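Computed from a prediction, not measured in an experiment: that's the story for all the values here. Residue numbers count from 1 along this sequence. Indexing begins at 1, ligand by ligand and atom by atom, following the structure's order.
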Amino acid sequence: MTALDEIKIGGLGASRKRVEDNRFIRGKGRYVDDVVLPGMLHMEILRSPLAHARIRSIDATKAWSIPGVRMVLTGEMMAKRNLAWMPTLSYDTQAVLATDKVRFQGQEVACVIADDPYIAKDGCEAIVVDYEPLPVIVNPDQALAEGAPLVRDDKENQHDNVVFDWEVGDKAGTDRAFEQADVISKLELHYPRSHPSPIECCGSVADFDRATQKLTVYMTTQAPHIIRAAVALVAELPEHMIRIVSPDIGGGFGNKVPVYPGYVCSILASILLEKPVKWIEDKTGNLISTGFARDIYLEGEMALRKDGKILGVRMHTTSDHGAFFSDAQPSKFKIGLMHSAFACYDIPAAHLTARGVYTNKAPGGVAYRCSFRVTEAMFFQERMVQAAADDLGMDQAEFRRINFVGDDDFPHRTPFGFLTDSGQYGKCLEVGLDAVGYQDFLKQKEEAKARGRLLGIGISTMTEPLGAGNSREYDILGIKMFDSAELRVHMTGKAILRTGAKTQGQGHETTWAQIVAHELGLPAEDVVVEEGDTDTAPFGMGTYASRSTPVAGAAVAMASRKVRAKARKLAAHLLEASEEDIDWELGRFYVRSAPDRGATIQECAIAAYSNMPDGLEPGLEAVSYYDPPNLTWPFACYIATVEVDPDTGVWDVLNFVAVDDCGVRINPMIVEGQIMGGLTEAYAMANMQFITFDSEGNCVGANYMDYLLPTAWETPGFELHEVVTPCPHHPIGAKGVGECAAVGGPAAFVNAVLDAIKDTGVRNIDMPVLPDRVYEAITTGRDVSGAPPVRLDDG
Ligand code: MCN
Ligand code: CUM
């Protein structure tokens, strides 16, 4: 046999270097801001300084008169074209440019289009807006209080600040579980607002060509096809006359999923001015107005039996969506996939109620490395599990062992109705405990305590649903969630692959070629991968929710298999054998009875263009649309050990161990990179990232002096381990992994700090677990809330 060595050709399991880095490390990436078109104009956005105010008037006369200013767009002008408001990706509406009121600080009020960005900025400063300040709401208590001002008085039939009420689970069964409980454990916490803050902010270059009637938009979107559909609806342009191109993206992390007013305004300006119009958001604009995440209040209780068995869970969440409900999320699930909480535990009954509220804050919700709210779900779950183990006086590892879903119990129906697919939860936990030296650490901790030192250990174990959809259950605005790949093999056996996903740093150009190598035996370096251009890519829902490997990646495997099926016919023709007598080994077909007689995949490719059998269409290409049967369910076990300084509240990470099971790893090095990156973000959320609001709705943390990005200096080291449970329904056994570490990581850090100060009786400190909060907890023995409004006068 002469099968190729899969690792050598860069197939599954090869830690192939990232091909995209060839251009990135040379500074040759092509981002939206690198797009320069002839005659291009520049747009700047004037944002509201106030969080809530009536607009009495907008006077743009001065701005119009500045030399080089070509146009000032206001809400009034938008309204004339029926564009002052746009639909969001969750059945709400959002102001494009404010007409009646501003509803959050940073809201888009007007746009100036000019010859260069500096003139455009001057133009914005020359606009005079007369605001009448209104009372401001910055948290759900204020939003739901009697007599609260109505945030969304623009909406007919909206008489309060409730966005939605939602419920899932078995209420009666859960009530019964609580009646039978020996112990009931409770926890309440706030998962603060956070911001993905990718290095590259949002932006677009819109280019409407009057002669061809074609609109081309280069933009930072994680989901180009959804944007094309949205533009077709909003701008009433025919879909085939719209081309969305998402070039290189300098990090997305969810920030680049929604449709932003800046995109819409640049498009309208280009149509009106018949010139290309570029909008590049600045850092403060990005931090105060786009892509917020979390901001959710979680409370819950657990019904426990003395021996450690969880009998039931009750949960209630209140999520602060800001002024507009604008997250992209599956339409059936108002609170995203929050109800995937507790999926790795065998819990007989659970019930969740959820409420969303409007406040005078920038629209927020799902973004930032999370599969539709699973970050909050898993954080709460793991904080709750630690609290429950403590309340029972039970070892936290043992408590997890008792309640984990067993290896043989799959598929498992979770208490909120999901069907998990596979896993080895116990094994992952044991690998993690061994690596961290669990028993030894517990001894050390006791010894340290005797000497007045505070050591703590935090565990976080979770499975999360990655890969929406299947189309039965998941859609965005009615568009079903599936994904696609198109593989075209050229005459010489080189190929181009396009998918409906859109990489933003995840390495798709590298890993998708590895799937083709695995299926066809074409060396990965012979396959070029292209994503993000709606004129060339097959329709897909884009990249977020770690859905690319589970869905688009599966489509790559299926398209490759279609190509292989056709290549088999060509091989039969070349080998003068019947197709049934042909076998496949990596890279080559051969005659079963005479294995030396073979045809390589490259020989089949050339035959497809030069020597095809009668009756067979020429060419060698295939498209696959993949509608997954289920989500994929990776598992992770993260363990942190910390030391807390009782005199300052400062805490240091002593050790961090990660065990990830994301099924078959396409590229182990890229997977490790994803985990390292996610853990760094988890550490930042737990320890330092502080973006919040004062009582007037001012965003605190609107720059990198206040909102800290972790660097290599403060980030602890992470020790990575792997377990592989192949996904039973994915064509190559892979599960998603892109967010696992950011989802599961935060609870490990926070649990560790709370474990270190357990003797104080403190049950919760909200993130970020800043030293002053820890100090306050130690000295007062009380929980520390991080909910807005924050006071600024005490520094
Ligand atoms: N992979 C693999 N083997 C697996 C699973 C994944 O080799 N079993 C590889 C994939 O082929 C891909 C990468 O790991 O190259 C991530 O794959 P996947 O888990 O499918 O996630 P997506 O590609 O869908 O990426 C989305 C995810 C999300 S939702 C956010 S947010 C996030 C994240 O990825 N944003 C990122 N990681 C990021 N990494 C970078 N550098 N930049 C971002 O903006
Ligand atoms: Cu929610 S951040 Mo990612 O899913 O793009």
Query raised in the report: Ring centroid separation for Phe325 and Tyr91, is it under 6.0 angstrom?
Result: no
Query raised in the report: Under a heavy-atom criterion of less than 4.0 Å, does Gln504 contact ligand 2?
Result: no
Query raised in the report: What atoms of ligand 2 come within less than 4.0 Å of a heavy atom belonging to Phe253?
Result: 2 (S), 5 (O)
Query - By salt bridge (charged side-chain N to carboxylate O under 4.0 Å, His left out) - contacts of Arg193 (at least two apart) - result: Asp295
Query raised in the report: When the aromatic ring centroids of Phe690 and His195 are compared, is their separation below 6.0 Å?
Result: no
Report task. Run the numbers on Phe749 and Tyr638 for ring pair (Phe, Tyr, Trp, His ring centres under 6.0 Å), then give the verdict. Result -> CA-CA 9 Å; Phe749 294 110; Tyr638 302 125; 9.1 Å; no
Query raised in the report: With only distance considered, is Val257 within less than 3.5 Å of ligand 2 through an N or O on each side?
Result: no
Report task. Tell me, please: is Ala545 in heavy-atom contact with ligand 2, that is, under 4.0 Å? Result -> yes
Query raised in the report: Taking non-hydrogen atoms only, is Ala367 closer than 4.0 angstrom to ligand 2 via side chain, backbone, both or neither?
Result: backbone
Query raised in the report: Salt bridge check: are Lys8 and Glu6 linked by an N-O gap of less than 4.0 Å?
Result: no
Query raised in the report: Short list, please: which atoms of ligand 2 are under 4.0 Å from a heavy atom of Cys370?
Result: 1 (Cu), 2 (S), 4 (O)
**Report entry** ring pair (Phe, Tyr, Trp, His ring centres under 6.0 Å) evaluation trace for Phe635 with Phe410
**Finding:** CA-CA 14 Å; Phe635 185 80; Phe410 292 100; 9.6 Å; no
Query raised in the report: By salt bridge (charged side-chain N to carboxylate O under 4.0 Å, His left out), which residues pair with Asp475, not counting sequence neighbours?
Result: none
Report summary line: Shortest non-hydrogen pair, Phe482 vs Val551, comes out as C-CG1, 3.6 Å
**Report entry** Contact residues of ligand 1, where a non-hydrogen atom lies under 4.0 Å away
**Finding:** Gly251, Gly252, Phe253, Gly254, Arg369, Gln504, Gly505, Gln506, Gly507, His508, Thr511, Trp512, Thr543, Tyr544, Ala545, Ser546, Arg547, Ser548, Thr549, Pro550, Cys662, Val664, Arg665, Ile666, Asn667, Ile670, Val671, Gln674, Ala734, Lys735, Gly736, Val737, Gly738, Glu739
Requested in this report: Would you check whether Arg369 has a nitrogen or oxygen atom less than 3.5 angstrom from a nitrogen or oxygen atom of ligand 2?
Outcome: no
**Report entry** Ring centroid separation His339 to Trp166 under 6.0 Å
**Finding:** yes
**Report entry** Results of salt bridge (charged side-chain N to carboxylate O under 4.0 Å, His left out) for Arg23 - residues two or more places apart only
**Finding:** Asp248, Glu509
Query - Tyr368 contact mode with ligand 2 (heavy-atom cut-off under 4.0 Å) - result: backbone
